[in-house]
Amino acid sequence: MSERIFIGVAWPYANGPLHLGHIAGAYLPADIFARYHRMKGNEVVMVSGSDTHGAPITLQADKEGVSPRELFERYHKLFLQVWQQFGISFDLYTHTDTENHHRISQKMFLRLKERGYLLVQKQLQMYSEASQRFLPDRYVIGTCPHCGYERARGDQCERCGSLLEPTQLLNPRSLLDGTTPVLKETEHFFLDLPAFEERLKSYVSEHENIWRPNVHRFTRNYLEQGLHPRPITRDLDWGIPVPVEGFEGKVLYVWFEAVIGYLSATVEWARLKRDEGRGMGDEWKEFWYDETTKSFYFIGKDNIPFHTLIWPAELMGVERLDDADGNVKFVLPYDVPANEFLNLEGDKFSTSRNWAVWAHDVVQRYNPDTFRYYLTAIAPETADTEFTWADFVRRNNDELVGWWGNLVHRVLTFTARNFDGCVPHPTELTDRDKEVLQQAEQMLSTIDNLLSTCKFKRALAEAMEFVRSLNRYWDEQQPWQVVKTDKQRTGTVCYVTLRAIDSVKVALAPFLPFTCERLHHMLGYEGKVVGDFEVQEISETERTHLALIYKPESVSLRWQPSELPPRQRFRDIAPLFAKLDEKVAEEEKAKLGKPMEG
RNA sequence: GGCGGCGUAGCUCAGUGGCAGAGCACGCGGCUCAUAACCGCGGGGUCCAGGGUUCGAAUCCCUGCGCCGCCA
């Protein structure tokens, strides 16, 4: 039976490049999940986009002396490239500075207001009289009251790590103009989170057995500490304007508005389908209103409360985008498979110290599937884990080259040489042959179960364990000896092994689409595995933006055991993976912490 | 200060009450179809320490030590 699966992936701030911690934490597992479900014949929409608002963007833009738009458009473009190169198959990857997103965010805000879920409260905030504007916490620097560091930020001291309020800083000054800011009263909207407390409690306990233990525990603790109203507007000139009279010059707080992107991007996706004549434009409703839809949100652990509490509260409060949509309610997150953090060579990833492996950089020098493999094998699904270049090289050489690549290569070259470049016809199968074919089906169904519950690491390990058993089968049958006396039996062994390899290809396709596509081709099949991407320039009334669109219909491979036809002709047999020299590990590691090239 | 996580073989890690596991590294052997790849056998552990519960604890509880994260 076909399922409908919504996949939301964290919206990255477009203020700097993406590193492998981002890819391993959210984008890669989401993509594996989407590819798996599409192969199963399920209806999938996977969306995300660049977060273009918030202080991190304006700070970086000020630092570089460019406009926020110039800054985010540069990184947005870079992200579009990275998704294509890593094969991250977003049905739509857009950004938050579209008219569509602005409109829907404002609508959500107004519906919350109408329904009485917003409070107005006065706050004191740092204000620069010289610049005539309010200062976000990060725009105030001063001396840290704990360690005496003179350039501590208003939200946190970077030297001692203490979390701060800007009012705690000694000798505070504005990052904009160096003057001493004053406290000034300002009025803001707050989301009345306590009003949702009971509903959130039952929502969370209903999902206890679905969510990963750490996600549930974290959420429950957060709830038990008590919910407080949270400000959802800010005094800033960059962002989505608050659509209320008297609040001119204020914008929606980025944490409130960015999660709405999941919804607005689905609306945009449906509209684009309509514009291409492939739909009615309201397909987003099935994903957001039909209670049989399961929605999954792939994020890092720092984002858990926003997706298990705050976003559900927004959805509960708004109920539906428009009363004309009928008596329907938004689908709440079904699972939030948040990952822990990936560390790098014994330390945290750090953009400012350039202690990072940059996605756009390495993907040009290495096979993207090698990263997809390694990052899944070490995925921080239940605990923080460690990326090391030495381990990366070892796993490539031992596991991808030695176990899987070598199996494919030894079997294909041997078979092609002895059977005229074609899949041989099997004769009678021995019990051992039947066992191997049965194990291949078993492997697919085990991995099916693991993937449907987001256990990617174990699913991959299961496939590799089966690969090793195929190397054993091949060794034990010794076709290179048997061929001297019994060509028919040799053909059967080749056939059985090829069928099993073909099934492994199916199991690995969500993980390693690029090399599985090459294998698909070598085995003589037509059709694509990675699938086509398209970057479109989308025009709205006043603005245009770039979006990435994946074409799922360009892939024909389905999740089912191999039915490899005898006599099918091989093509272009070549190794799937290249061995990496161990010096690579030393060289890459030596680059860490040094200023970026270029 | 509060909450939480982690501590298992030389390394990276799996293991939620029933004889301590995998991969790599190391030692020995087999094979030669294959990218010196593949396959088999072996050595190697005070499961951080101490206490408790239990017929039985790496696993559950308490305390301590060490590392890490979140919040205040």
Side-chain angles (χ1 to χ4, degrees), chain A residues 146 155-156 161-165 168 212-228 300-306 338-349 367 370 373-374 376-419 450 455 457-462 464-465 467-484 490-491 493-494 497-498 501 515 573-582 585:
Chain A
H146 302 289
D155 59 340
Q156 185 174 26
S162 306
L163 291 171
L164 302 170
E165 292 294 324
Q168 291 177 277
R212 288 179 182 169
N214 54 335
V215 172
H216 179 257
R217 196 164 34 230
F218 194 94
T219 304
R220 200 194 46 209
N221 286 344
Y222 200 95
L223 260 178
E224 281 170 3
Q225 280 169 25
L227 295 172
H228 308 284
K301 65 177 168 185
D302 51 331
N303 251 322
I304 290 173
F306 290 103
N339 270 347
E340 306 286 305
F341 287 149
L342 183 69
N343 292 319
L344 171 61
E345 302 280 1
D347 211 339
K348 280 192 273 197
F349 272 81
N367 181 344
T370 303
Y373 178 81
Y374 182 55
T376 305
I378 63 164
E381 287 178 10
T382 56
D384 290 359
T385 56
E386 184 89 4
F387 179 107
T388 69
W389 278 104
D391 195 41
F392 170 81
V393 169
R394 183 193 70 69
R395 280 187 185 263
N396 176 71
N397 292 353
D398 292 344
E399 301 180 9
L400 285 177
V401 177
W403 299 349
W404 172 229
N406 179 51
L407 173 73
V408 169
H409 195 234
R410 71 196 297 207
V411 173
L412 284 181
T413 50
F414 179 86
T415 310
R417 189 179 325 120
N418 288 289
F419 296 92
L450 290 168
K455 289 168 185 141
K457 204 173 181 170
R458 275 179 53 197
L460 182 60
E462 195 72 32
M464 294 311 279
E465 190 46 50
V467 164
R468 305 186 71 202
S469 81
L470 290 179
N471 271 315
R472 282 197 286 279
Y473 169 75
W474 184 258
D475 273 352
E476 136 212 323
Q477 297 297 325
Q478 301 184 54
W480 58 91
Q481 290 293 345
V482 178
V483 73
K484 296 172 189 164
T490 307
V493 170
C494 291
T497 316
L498 285 166
I501 285 174
T515 43
I573 297 170
L576 286 178
F577 299 93
K579 264 196 111 162
L580 293 171
D581 195 302
E582 299 196 356

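- What separates CG of A:Leu342 from P of B:C13 is a distance of 10 Å, to the nearest Å.
- Distance, A:Glu465 CD to B:A22 P: 11 Å, rounded to whole Å.
- Distance, A:Asp384 CG to B:C67 C1': 12 Å, rounded to whole Å.
- Annotation: side chain of A:Asn397 is not in contact with side chain of A:Phe577 (no heavy-atom distance under 4.5 Å).
- Separating the P atom of B:A58 from that of B:A49 is a span of 11 Å, rounded to the nearest Å.
- Applying the Watson-Crick and G-U wobble criteria (two distances, each under 3.5 Å), B:G29 pairs with B:C39.
- Remark: A:Phe349 engages A:His19 in a ring pair (Phe, Tyr, Trp, His ring centres under 6.0 Å) (not counting sequence neighbours).
- Comparing the P positions of B:U16 and B:C48 gives an interatomic distance of 15 Å, to the nearest angstrom.
- Under the Watson-Crick or G-U wobble criterion, with both distances below 3.5 Å, B:G21 is paired with B:C13.
- Between the P atoms of B:G51 and B:G40, the separation comes to 42 Å (whole Å).
- In a base pair of the Watson-Crick type (N1 to N3 plus N6-O4 or O6-N4) or a G-U wobble (N1-O2 and O6-N3), with each distance short of 3.5 Å, B:G45 is matched with no nucleotide.
- For A:Lys348 and B:C68, the shortest distance from a side-chain N or O to OP1 or OP2 is not below 4.0 Å.
- B:G4 and B:C62 are spaced 10 Å apart, taking the P atom of each and rounding to whole Å.
- Rounded to an integer number of Å, the gap from CG of A:Asn214 to C1' of B:U16 is 15 Å.
- What separates CE of A:Met464 from C1' of B:G23 is a distance of 11 Å, to the nearest Å.
- One finds the CG atom of A:Asp475 at 11.0 Å from the CG atom of A:Leu470 (value rounded to the nearest 0.5 Å).
- Using the six-membered ring where Trp is involved, A:Tyr222 and A:Phe218 have ring planes that are parallel, under 30° apart on the 30 and 60° scheme.
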Which protein N or O atoms sit under 3.5 Å from an N or O of nucleotides 26-36 of chain B?
from	atom 1	to	atom 2	distance (Å)
B:U32	OP1	A:Gln481	NE2	2.4
B:C33	O2	A:Arg410	NE	3.3
B:C33	O2	A:Trp474	NE1	2.6
B:C33	N3	A:Arg410	NE	3.3
B:C33	N3	A:Arg410	NH2	2.5
B:C33	N4	A:Arg410	NH2	2.8
B:A34	O3'	A:His409	ND1	3.1
B:A34	O2'	A:Asn406	OD1	2.5
B:A34	N1	A:Arg410	NH2	3.1
B:A34	N3	A:Asn406	ND2	3.4
B:A34	N3	A:Arg410	NE	3.0
B:U35	N3	A:Phe577	O	2.6
B:U35	O4	A:Leu576	N	3.2
B:U35	O4	A:Phe577	N	3.2
B:U35	O4	A:Phe577	O	2.7

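- The CZ-C1' distance, from A:Arg468 to B:A22, rounds to 9 Å in whole Å.
- Applying the side chain to side chain donor-acceptor pair (under 3.5 Å) criterion to A:Asp581, with sequence neighbours excluded, gives no partner residue.
- Searching all strands for a Watson-Crick or G-U wobble partner of B:G56 with both distances below 3.5 Å returns nothing.
- In this structure, the side chain to side chain donor-acceptor pair (under 3.5 Å) partners of A:Thr515, at least two apart in sequence or on a different chain, are A:Asp369.
- With sequence neighbours excluded, the residues that form a salt bridge (Lys or Arg N to Asp or Glu O under 4.0 Å) with A:Arg394 are A:Asp391, A:Asp398, A:Glu399.
- Spacing of C1' atoms, B:U46 relative to B:G42, comes out at 23 Å, to the nearest Å.
- Taking the C1' atom of each, B:C47 and B:G17 are spaced 15 Å apart, rounded to whole Å.
- Separating the C1' atom of B:U59 from that of B:G43 is a span of 27 Å, rounded to the nearest Å.
- The partner of B:G50, taking Watson-Crick or G-U wobble pairs whose two distances both stay under 3.5 Å, is B:C62.
- The ring pair (Phe, Tyr, Trp, His ring centres under 6.0 Å) search around A:Tyr373 returns none, not counting sequence neighbours.
- Comparing the same atom, P, in B:G15 and in B:G52 gives a spacing of 29 Å after rounding to whole Å.
- Residues forming a side chain to side chain donor-acceptor pair (under 3.5 Å) with A:Asn471 (at least two apart in sequence, or on another chain): A:Arg410.
- Along RNA chain B, the nucleotide closest to A:Glu399 and the one closest to A:Trp403 are compared, and the more 5′ of them pairs with A:Glu399.
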Quick one: which protein N/O atoms are closer than 3.5 Å to N/O atoms of nucleotides 1-12 of chain B? Pair and distance per line, please.
from	atom 1	to	atom 2	distance (Å)
B:C3	O2'	A:Asn221	ND2	3.3

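- Between A:Phe392 and A:Phe387, the ring planes lie parallel to each other; the angle is under 30°, not in the 30° to 60° tilted range.
- Between the NZ atom of A:Lys301 and the P atom of B:C71 there is a distance of 11 Å, rounded to whole Å.
- Legend: salt bridge (charged side-chain N to carboxylate O under 4.0 Å, His left out) pairs involving residues 377-388 of chain A, not counting sequence neighbours, sorted by first then second residue: A:Lys301-A:Asp384.
- Checking B:C67 for Watson-Crick or G-U wobble geometry (two distances, each under 3.5 Å) identifies B:G5 as its partner.
- Rounded to whole Å, the distance from CZ on A:Arg394 to C1' on B:A37 is 15 Å.
- Across all strands shown, A:Arg458 has no heavy atoms under 4.0 Å from either base or sugar-phosphate atoms.
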